Amino acid sequence: IMQLDANMALITAVHELLVQDWDGEVRVLPRIPWRWRSFSFDGIAAAGGFRVGATVRGGRCTQVRITSTRGGTLRLRHPWRNGCRSPVGN
């Protein structure tokens, strides 16, 4: 059981680096380590029925993807230097 708890703590910590939701806002990539130069992820759940994904290339956010499973309003905090592209669509 101890090993399972440690594994879940690691997953939770990585999730918090990628997506945070509190105070009614969703923050994408609020705390990415500087060594994470290029990566992408999809499908992380955020409060309000939203699924979040993003792409980072060369240490910069190049795209954020958000879909809603329930409809509703999303408050998104923008933490990126030099902007980030968000695709138009569903």
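All values derive from a computational prediction rather than experimental measurement.
The ring pair (Phe, Tyr, Trp, His ring centres under 6.0 Å) analysis of residues 39-67, with sequence neighbours excluded, yields the pairs W36-F39. Pairs of residues two or more places apart, or lying in two chains, that qualify as salt bridge (Lys or Arg N to Asp or Glu O under 4.0 Å) and include a residue from residues 31-50 are D42-R65. Judged as a side chain to side chain donor-acceptor pair (under 3.5 Å), not a single pair has a partner in residues 8-17 (not counting sequence neighbours).
In this view, E25 and R27, R75, R77 satisfy the side-chain hydrogen bond (donor to acceptor under 3.5 Å, both in side chains) rule, not counting sequence neighbours.
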| Is there a side-chain contact (heavy atoms from CB on, under 4.5 Å) between L18 and V28 once you walk through the steps? | CA-CA 6 Å; L18 301 175; V28 181; over 6 Å; no
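Residues P30 and L17 share a closest heavy-atom pair of CD-O, 3.4 Å. Between G58 and S38, the shortest heavy-atom distance links the atoms N-OG, 3.2 Å.
Distance check, rounded to the nearest 0.5 Å: CG of L76 to CG of D21 gives 11.5 Å.
Between the T55 side chain and the S40 main chain, no donor and acceptor come within less than 3.5 Å of each other.
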